[in-house]
Amino acid sequence: MKWLELLTVAGTTLVSAAIVVTLYSLGVRFTAIAGDAQQSSPGVKRSIAYLCFGLCGLAVLFGLYLIIPYFSK
């Protein structure tokens, strides 16, 4: 078994999972901040939240692209 390749895949999986979770949690946090009545510019924070959700979705779609053999031919 090639241990270096196994460690590379495991490390990449951990990093990409952390990125997706961080983007999603930032999106949720900015959505909550934008919903607060005392904020001066909720539109900017809401657009940052939607950007985080969009990047999270793109990361998931890229992961599916890598996993499904039909797309990588």
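Every value quoted in this text rests on a predicted model; they were computed, and no experiment measured them.
Rounding to the nearest 0.5 Å places CZ of Phe62 at 14.0 Å from CG of Leu55. Rounded to the nearest 0.5 angstrom, Leu58 CG and Leu23 CG are separated by 10.0 Å. The OG1 atom of Thr8 sits 13.0 Å away from atom CH2 of Trp3, with the distance rounded to the nearest 0.5 Å. Atom CG of Asp36 sits about 9.5 Å away from atom NZ of Lys45, to the nearest 0.5 Å.
In this structure, Pro42 and Ala34 approach most closely via the heavy-atom pair CB-O, 3.3 Å. Shortest non-hydrogen contact noted between Ala49 and Gly27 is CB-O, 3.4 Å. Taking both residues in full, the closest heavy atoms of Cys56 and Tyr24 are given as SG-CB, 4.1 Å, listed atom of the first, atom of the second, then distance.
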| task | Go through Phe53 and Thr31 one step at a time and tell me if the side-chain contact (heavy atoms from CB on, under 4.5 Å) criterion holds. | result | CA-CA 10 Å; Phe53 287 137; Thr31 303; 3.6 Å; yes
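Leu7 and Val9 fall into different hydrophobic clusters, defined by Ile, Leu, Val, Met, Phe, Trp and Tyr side-chain heavy atoms under 4.5 Å apart, directly or through other members. When the side chains of ILVMFWY residues are joined at heavy-atom separations under 4.5 Å, either directly or via intervening members, Tyr70 and Ile67 end up in two distinct hydrophobic clusters. At a threshold of 4.5 Å between side-chain heavy atoms, the hydrophobic network of Ile, Leu, Val, Met, Phe, Trp and Tyr places Leu4 and Leu6 in two separate groups.
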